[in-house]
Amino acid sequence: MSLLAKHSMVKEDRSNIVTLGSIAKSAKLKDKDVINATIGMLYDEEGKLFTFDSVNKVLEGLSAEEKFAYPSTPGNPEYHEALKRWIFRQYYDEILSTMYCSVMATPGGSGAISNTFSNYLNPKDCVLLPEYMWPNYEQLAYENFASYETYKMFDKDHLNLVDIKSKILELKHKQNRIVLVINDPCHNPTGYSMKYEEWVELIDFINEVTKDNTPFILLYDMAYIDYDQRGFNATRKNILLFSKLNPSVLTVLAFSGSKTMALYGLRIGAQIALGKDKMAVDEFYQANKFSSRAKWSMTTNLGMNLIAKVILNDATRMTFEEELKESSRMLSKRADAFLEECRKYDIKTLPFTCGFFITIPCEDPLLIYNRMIQKKIHIIPLDHAIRITIAAISLEECRMIPKAISECLEK
């Protein structure tokens, strides 16, 4: 007889990325020739975890109080202000003068997504997810008593807005409430980044759907926003579009300080609400403060103070920005090398713009995974695809892996 609650009896960790990453890490410790292309962290060309000198310098100067004291559940005011400055940038005044805004500190972007699912999905409601996705979305939905449906991501080399619109309409008729997850830019796992024109078309359609005041939550998972090759201005121009949305639409931004500042294990992020309805934003704060207190009580004071001091000091922020641009250039070189070799071996990848990952569709991902293991290369099998983390491997390894993939596919 199981002692678990009924809801927990069927729980099984289907997000195998961390598990397979641990297997790859153990294999690498035993054999230095193993290539670990599994985990979503940035490594330098020498195989060491990439860190920012500007961030490390600020970390060394934090007091014991700033590192270890209890913060409030929503997070420190300086952290909130730093995130608004960082995320809105040149549009700070325009965004905050046209929309209400509320910030909730969370353990990474995951906490922001979990809170949003908790407070904007009724039991058994569906959330709209991309067909190629970070697998933990599924578990976060189940943990919060919700189900999910997927939208097709691509029509040839661009976003499949036709299917996204169709699925939104279906969900409106089914439950009269829509929660849509958009992971952009540098989409995990494909590396696709939406064009500005695609964002405009999506925003216009959301307004058409909500002109009758249909509740609509646009969950914007922006974990990799600061690695977009188009730069800060382009990505923030996309965020400004949210100011055009109808009052019944609440945009929730899931920010990951873990990714932006390479603070992966610190688990620091934020859930940021933007909307034209003051009551909706006030309710956001009240409900998500309750959920945060109930789930994790508070997030790391160290992480919040670290990010705030990097961003709110002009000189430190400028140094960090230059380091961030350099890390993006390193990623771009790896992507170019990998994709060039893929073309040489006639390997089809899903549309890629920039980011940590490149994804290759295939019929039997687990079979390809096992064949790659025999070649001492660890990757991640997904549904109908394999994911390679170019962020975690060197430029030379990026040139080597496509040939191995080609051999495994041909078998």
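We're numbering straight along the sequence, starting at 1. Small disclaimer: the values here were computed from a predicted structure and weren't measured.
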Quiz item: Does the ring center of Tyr137 lie less than 6.0 Å from the ring center of Trp134?
Solution: yes
Quiz item: With distance as the sole criterion, is a donor-acceptor pair present between the side chains of Arg267 and Ser258 under 3.5 Å?
Solution: yes
Quiz item: Is the Tyr79 to Trp86 ring centre distance short of 6.0 Å?
Solution: no
Quiz item: With a 4.0 Å cut-off, would you call Lys167 and Glu131 a salt bridge?
Solution: no
Practice problem: Indicate the atoms forming the closest heavy-atom contact of Asp228 with Arg230, along with that distance. | Solution: OD2-NH2, 2.6 Å
Self-check item: Min side-chain heavy-atom separation Leu83-Ile307 under 4.5 Å
Solution: yes
Self-check item: Distance flag, aromatic centroids of Tyr142 and His7, threshold under 6.0 Å
Solution: yes
Quiz item: Are Lys259 and Asp226 ion-paired here, with the side-chain N under 4.0 Å from a carboxylate O?
Solution: no
Exercise. Cation-pi check, Arg387 to Phe357: give yes when NZ or CZ is under 6.0 Å from the six-membered ring centre and within 45° of the ring axis, no otherwise.
Key: yes
Quiz item: So, are Arg399 and Glu340 salt-bridged, with charged N and O less than 4.0 Å apart?
Solution: no
Quiz item: Any idea which heavy atoms bring Pro185 and Thr235 closest together, and the distance?
Solution: CG-CG2, 4.0 Å
Practice problem: State whether Arg334 and Glu397 are salt-bridged, where the test is any N-O pair (Lys NZ or Arg NE/NH1/NH2 against Asp/Glu carboxylate O) under 4.0 Å. | Solution: no
Self-check item: Residues Lys309 and Glu66 bridged, charged N to O under 4.0 Å
Solution: yes
Practice problem: Classify the ring geometry between Tyr220 and Phe242 as parallel (under 30°), tilted (30 to 60°) or perpendicular (over 60°). | Solution: perpendicular
Practice problem: Taking the six-membered ring of Tyr92 (Phe, Tyr or Trp), confirm whether the NZ or CZ of Arg85 is under 6.0 Å from its centre and within 45° of its axis. | Solution: yes
Exercise. Look at Asp282 together with Lys278 and state whether they make a salt bridge at an N to O cut-off of under 4.0 Å.
Key: yes
Quiz prompt | Lys237 NZ/CZ over Tyr196 ring centroid, <6.0 Å and within 45° of normal | solution = yes
Exercise. Could you tell me whether Tyr43 and Phe50 have their ring centroids closer than 6.0 angstrom?
Key: no
Quiz item: Would the Tyr192 and Phe352 ring centres measure less than 6.0 Å apart?
Solution: no
Quiz item: So, Lys57 and Glu60, do they make that salt bridge, N to O below 4.0 Å?
Solution: no
Self-check item: Pairing of Glu45 and Lys333 as salt bridge, 4.0 angstrom limit
Solution: no
